[in-house]
Novice: 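Just passing along the structure, written as structure tokens.
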There are 2 protein chains.
Amino acid sequence: MRTLKDRQLEQLGKNHAVVKFKKDSTIIHQGMFSTNVVFLREGLVKVHITGPYNEQIVRLIKAPTYLGLPTTFGNKINQYSVTAILDSEACFIDINLFRKVLEENNNFSAYIIQELSKSELESYHRCANRAQKQTRGNLADVFLDLSDNIFESDSFTLPISQSDIGNLVDASRESINRLLSEFINDNIIEMKGRKVKILNKKSLQLISSNG
Amino acid sequence: MRTLKDRQLEQLGKNHAVVKFKKDSTIIHQGMFSTNVVFLREGLVKVHITGPYNEQIVRLIKAPTYLGLPTTFGNKINQYSVTAILDSEACFIDINLFRKVLEENNNFSAYIIQELSKSELESYHRCANRAQKQTRGNLADVFLDLSDNIFESDSFTLPISQSDIGNLVDASRESINRLLSEFINDNIIEMKGRKVKILNKKSLQLISSNG
DNA sequence: ATAAAAAAGTGATACAAGTCACAATATAAT
DNA sequence: ATTATATTGTGACTTGTATCACTTTTTTAT
């Protein structure tokens, strides 16, 4: 499946320039008219959406991935924002071309459907977790996600602020801060500025599943 | 698009029996092996998933809709459960047939992609709302959804228990009960058993957007 | 019809996490 | 370098909502 994606990317990317985005710059702007799908080649982004009160971070996604699909098939106004949280690279693919490739290549459709399905499932799980766990457990999950999936290492640099973490797990900045102190105090993680080292992943996993 | 769906349904449904489900019977069982996609022709269902502590109701969906797509393209184990909350009718479509139709009919793929995209967006919005509003606002949203989208009427019969509502909006049964009393007391809704009449939709909308 | 099981109603209490209010560092900008 | 701005660290206090512990009502089963 990976090779398919790459082959397809080649086809789609041939006549599309790669655009570089610095950390903190916005790749997709909610509310803006758009006629592109974005293929994120490299980097890490946050997807955020205007909530009833604040801007809400919905999820972090790392490359490679497609972004902005809902815009492609619904109206042409972006329904959410995507901001780079690490330097990233993306290519913009014209919607019509994208649709044409979908039409011509059934495997590609199947691939996109699969990705969307996966994302739906993840969404359900996130939903269930956030709701049932308390902040400590959700925070542990963020660190596990960063370590296991995003950076694939026990040492990494936090790509977002404590207040963003709070926003992501539906907690206040202050609560996150206090819980981080707690984690550090319990020798579960070590932090120097935003440099994180996970000292006791077992504990994190325990916290994730219990609290 | 609607006609396309109907045409497609015809094609898919031709050799597939319609199965009737009584209220409260399970249509899709999480954890079970399955080789079908379900097309819900008629009725109303809840999608629920095993959370870290409880079973979590993720959303209500009314017919017509496809269910179980993630199973189709990922592994063959159902990743969530779907239970009828009103008498419903569904047809079961063999995965291979479904895939074949997807392959042969690009419009159908496009339609499925569109549906999945829409569902992703809804998911993001639900997420942002649940997180930022308190229970009163989320409860108002449930009533607005039931009235505006699901039953398209100001009078309807609650299809789920208070404890399910609580589960759906991440609150306890008791909180829902207290808030309902409050709504009734404020002449926002009227309830006789599970028969609901919305008396003041404006208020509900206000509560939805403020609290 | 009657027993059994769910669902709904309600008070008392507890607590996780929000909010407010500053102080202390960092980071970015001129 | 030196402001200006953003982020982080903490204490004190408040609050929405969970939990517990019943009672009452409704529904389902026998």
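Chain A is the first sequence line, chain B the second, and so forth, proteins listed ahead of strands; every chain is numbered from 1.
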Novice: Identify every side-chain donor-acceptor pair in residues 189-197 of chain A under 3.5 Å, counting partners at least two apart or on other chains, and give the distances.
Specialist:
none

Novice: Distance-only, no hydrogens or angles: does the Lys133(A) side chain make a donor-acceptor pair with backbone N or O of Pro52(B) under 3.5 Å?
Specialist: no
Novice: Does the protein touch nucleotides 10-16 of chain C at the base, only the backbone, or not at all? Give it as B, S and - per nucleotide, heavy atoms under 4.0 Å.
Specialist: BBB---S
Novice: Assign a letter to each nucleotide of nucleotides 23-29 of chain C from its 5' end: B, base within under 4.0 Å of a protein heavy atom; S, sugar-phosphate only; -, no contact.
Specialist: -------
Novice: Checking the side chain of Glu42(B) only, and the main-chain atoms of Ala63(B) only, is there a donor and an acceptor separated by less than 3.5 Å?
Specialist: no
Novice: Within the distance-only criterion (no hydrogens, no angle test), does the side chain of Ser88(A) pair as donor or acceptor with the backbone N or O of Leu86(A) below 3.5 angstrom?
Specialist: yes
Novice: Could you list the donor-acceptor pairs under 3.5 angstrom formed between side-chain atoms of residues 146-155 of chain A and any protein atom two or more places apart in sequence or on another chain?
Specialist:
from: Ser147(A); atom 1: OG; to: Ser153(A); atom 2: O; distance (Å): 3.2
from: Ser147(A); atom 1: OG; to: Asp154(A); atom 2: OD1; distance (Å): 3.4
from: Ser147(A); atom 1: OG; to: Lys201(A); atom 2: NZ; distance (Å): 2.8
from: Asp148(A); atom 1: OD1; to: Lys201(A); atom 2: NZ; distance (Å): 2.6
from: Asn149(A); atom 1: ND2; to: Asp145(A); atom 2: OD1; distance (Å): 2.6
from: Glu152(A); atom 1: OE2; to: Lys62(A); atom 2: NZ; distance (Å): 2.9
from: Ser153(A); atom 1: OG; to: Ser155(A); atom 2: N; distance (Å): 3.0
from: Ser153(A); atom 1: OG; to: Ser155(A); atom 2: O; distance (Å): 2.9
from: Asp154(A); atom 1: OD1; to: Lys201(A); atom 2: NZ; distance (Å): 3.2

Novice: Mind jotting down which residue pairs meet the ring pair (Phe, Tyr, Trp, His ring centres under 6.0 Å) criterion with at least one end in residues 115-141 of chain A? Sequence neighbours excluded, please.
Specialist: Tyr124(A)-Tyr80(B)
Novice: What parts of residues 157-166 of chain A reach DNA chain C, counting only heavy atoms under 4.0 Å away?
Specialist: none
Novice: Find the distance Asn54(A):CG to dG18(C):P and express it as a whole number of Å.
Specialist: 12 Å
Novice: Return the angle between end axes of the helix from dA1(C)-dT30(D) to dT27(C)-dA4(D), with five pairs used per end and rounding to 10°.
Specialist: 60°
Novice: Indicate every side-chain donor-acceptor pair of residues 30-40 of chain A with a distance under 3.5 Å to a residue at least two apart or in another chain.
Specialist:
from: Gln30(A); atom 1: OE1; to: Thr50(A); atom 2: N; distance (Å): 3.0
from: Gln30(A); atom 1: OE1; to: Thr50(A); atom 2: OG1; distance (Å): 3.0
from: Ser34(A); atom 1: OG; to: Asn36(A); atom 2: N; distance (Å): 3.1
from: Ser34(A); atom 1: OG; to: Asn36(A); atom 2: O; distance (Å): 3.4

Novice: Specify the separation, in whole Å, of atom CD1 of Ile176(B) and atom C1' of dA6(C).
Specialist: 18 Å
Novice: Tell me the interatomic distance from Asp24(B), atom CG, to dA5(C), atom P, rounded to whole angstroms.
Specialist: 18 Å
Novice: Taking Thr65(B) for its side chain and Ile61(B) for its backbone only, find out whether a donor-acceptor pair lies under 3.5 Å.
Specialist: no
Novice: Taking salt bridge (Lys or Arg N to Asp or Glu O under 4.0 Å) as the definition, give me every residue that meets it alongside Arg59(B), ordered by chain and number, with sequence neighbours left out.
Specialist: Glu120(A), Glu122(B)
Novice: Can you check salt bridge (charged side-chain N to carboxylate O under 4.0 Å, His left out) on Asp170(B) and Arg130(A), steps first, answer last?
Specialist: CA-CA 9 Å; Asp170(B) 308 335; Arg130(A) 292 279 152 74; over 6 Å; no
Novice: Measuring from atom CZ of Arg136(A) to atom CG of Asp141(A), what distance do you get when rounded to the nearest 0.5 angstrom?
Specialist: 13.0 Å
Novice: The criterion is salt bridge (Lys or Arg N to Asp or Glu O under 4.0 Å); which residues satisfy it with Asp164(B), sequence neighbours excluded?
Specialist: Lys46(B)
Novice: Which residue pairs pass the ring pair (Phe, Tyr, Trp, His ring centres under 6.0 Å) test when at least one of the two sits in residues 161-196 of chain B, sequence neighbours left out?
Specialist: none
Novice: Would the distance check show the side chain of Ser119(A) and the main-chain N or O of Glu115(A) forming a donor-acceptor pair, the cut-off being under 3.5 Å?
Specialist: no
Novice: With a 4.0 Å limit, can you tell me whether Ser172(A) has a side-chain N or O closer than that to the phosphate oxygens OP1/OP2 of dG18(C)?
Specialist: yes
Novice: Stepwise, does the side chain to side chain donor-acceptor pair (under 3.5 Å) test hold for Thr83(B) with Lys23(B)?
Specialist: CA-CA 8 Å; Thr83(B) 302; Lys23(B) 182 174 158 60; over 6 Å; no
Novice: Please find the earliest and latest nucleotides of DNA chain D, in the 5' to 3' direction, that have an atom within less than 4.0 Å of any heavy atom of chain A.
Specialist: dT7(D) to dA12(D)
